[in-house]
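What follows is a short report on a single structure.
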Amino acid sequence: MLEERIHPNAIPAWRLQYAVSGLFLFVPAAFLYFLHTKEVVALEWVIGTAIVAIIIYALIVSFLPQLRWSRWSYQVDDKGIQMRRGIIWVQHTEVPINRIQHVDTRQGPIYRSYGLSVIRFSNAATSHEIPALEEDLSQELKDKITDMVRLVKEDV
Amino acid sequence: MFEFQRLHWVATITGVLEVIKQNVLTLVILFIVGSRNESPYFLWLIGAGLLSAFGLGILGWFRFKYQLLEDEIHIHKGIFVQKKLYIHKNRVQVTEISAGIIQRIFGLVSLTIQTAGGGSERAVLSALDAETARTIVDVLNPKNAEESEFNSELSQAEQQISALPNQGEHSHTKLSPPDNHQPHTTHNPEWTLSNKRLLYLALTSGEFGIIATILGTILGQLSDFITDENIQWIVDRIPLIQQPGLFFVLFSIASVILVSYLLSILSSIVRYYGFTIRKVGKELHISRGLLERIQTTVPYHRIQAISSTEGLLRQPFGLESISIISAGHQQGQQQRSLLAAPLIYSHEREAFFQQFFGSWELAQGISQQTRQELQDSTQDVLSSVHESSIPPQNLLESNDGHELQTYAKAPGKAFFRYLRRPNYLWLFPTLLGLYWLPWLAWAALLSIPATLYGWISYKDTELGLSSKHLYIRYRVIARKQIWIPKIRIQSIGNSQHTFQKRKKLYHVMFSVVSGSHELSVRVKDFSFNAMNSIMNWFHR
């Protein structure tokens, strides 16, 4: 584990996110099923599968955000930005400060209601994200990183 | 020099061809549909399409203007929406002068300016006379940029350069200051691809697989052509064929393979004929091509990494190709690597590096002797390494002279993981399909080549660190080696799977810019100590 954690509000925010994306998953499926099936055969199987699917999804929605949050940590110091995440695949990434090209923050409707925002830093090749930081903290971090980048003069 | 100019009118022809090339699929579909349809409607459609292609080509030329300033080029283009492209010389990654058939007829060239980054537009000046193209390249040369800095604000530039002790390219310029001022008079190392090599290159290019797939698809579409009459015609002329059915299939497969092999030979020869790489001052000039002559200019300080590939057909002969990875790219081409030596003997690589990439360390990789000695010592050395203190391993320096600091390969406990990994590729699909198709059990025979492949990749995977460079040898079908300067590594990371945790093994990843995307290289199943010393090396 690294020094900093992401904001605990991430857990309810992610829950909401998962639940909403679940709606997109289940509603069209049910709609299509009733639209295209002329006569309903083996209704008990259909309902049974649907209930099992919904239960599994509900379990995912209630437990995965918690687990994901507990495995997310990051650290920003003069060496660079370090991130550590992952439940089954534990991944540790380091981006040195002097490779960072730009930093931006982003906020969707769900994150806004929880006062969170995503910070993303791009280097010349790709970009990395720290999800769900408190708004002020992400602004602060953005300014801090930008200042640090300004001190280093190097070119791709 | 300082006002807006149009391109040579030949640009209209290339413009028209470009429009046709972009819409070739639509045209082909129109032709196929049109040929089946009797009504003249489709002919009109095709005619209108061609006409609009001409219109667009000419308008495109009319609206394309460029202006060369002291240290940047402005391009205005676009028929309906005017785009203004300003490229400063500090942002130019790679420039390419090429002369296609049309340009050669009129004695002109086409110039492509490549910049870095995802949103960069491609700047192609498709018809220029050679002199103007040279002028533009010279203006956009970073070499000139540095020169002017040296002259005008010398102290500033010096400070910046000396602030980057890691930058190998700059240390090179410090070693040979005369290069800066008279780059054309000092001797320029040069390497050419001989015709014999070109033939080897073409024979072992391994591209025929791709061409065979394309050809096969086309043949499949030509069902009109494959009629009983035509088959009979072929069968009559080949005496061996008694049973048309099976033999015809075999015959056509063989001929597809043969034709695509010949085509791949031809395409390699066309692309790499007369390959020459030359070091001029602080840049590399690469020229190649039979029908289309292409001259590419790469400044040394834009080189992100160097890699070498030993293809399956080439490794047995000790042959390999060396390419440069740069951040320059054209739209549509995502990853880009530039061949520095299309075909070279592995034992010549060190001399080649000496000539062109003098400041790059670990050029010869890790010698067999060092590896042998390390086999015994590495385990101890790496396990004695703790957190921050890495003992100077002078043992290695004295042997190699390559300033090898750390050497790591996958430990013995990872061996079986390496053997197993390629087997998953066939195992899971087979298990899934076995229920319906029992004969899939024969796929178990795939375990032999898969395990062999795993064994070879275990042997091939190794990593070396010097003070400035990272060297990795790994295998993705072909054996690859890559040299990345420390300052070019964009990010570094490690990952661990639940099953690896028990054995304390880690994958280690490095990413570097290649075109508009990243090239990430991963070494698998390294020990904790190796991983740790790699991460520490990166921080130093």
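The sequence lines fix the lettering, A, B, ..., with proteins before strands; numbering per chain opens at 1.
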Under 4.5 Å from a heavy atom of chain A, the part of B:His497 involved: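 Both the backbone and the side chain of B:His497 come within 4.5 Å of chain A.
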Which portion of B:Phe538 sits near chain A, non-hydrogen atoms under 4.5 angstrom: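 Contact with chain A is through the side chain of B:Phe538 alone.
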Over-ring placement of B:Arg421 relative to B:Tyr418, 6.0 Å and 45° cut-offs: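 Flagged: B:Arg421 positioned over aromatic ring of B:Tyr418.
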Residue among B:Ile303, B:Ile482, B:Ile306, B:Leu338 satisfying side-chain contact (heavy atoms from CB on, under 4.5 Å) with B:Ile325: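 Of all the options given, the one that passes is B:Ile482.
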Greatest number of heavy atom pairs closer than 4.5 Å to chain B - which of A:Gln82, A:His92, A:His128, A:Gln91: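 Heavy-atom pair counts peak at A:His92.
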Best-contacting candidate, A:Thr93, A:Ile81, A:Val90, against chain B by heavy atom pairs under 4.5 angstrom: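 Among A:Thr93, A:Ile81, A:Val90, the one with the most close pairs to chain B is A:Val90.
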Neighbour count above 12 (heavy atom, 6.0 Å) for B:Lys504 NZ: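 No - once you tally the heavy atoms of other residues, nucleotides and ligands closer than 6.0 Å, there are 12 at most.
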Main-chain N/O of B:Ile489 paired to A:Arg99 side chain as donor or acceptor, under 3.5 Å: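 Yes; at least one donor-acceptor contact below 3.5 Å.
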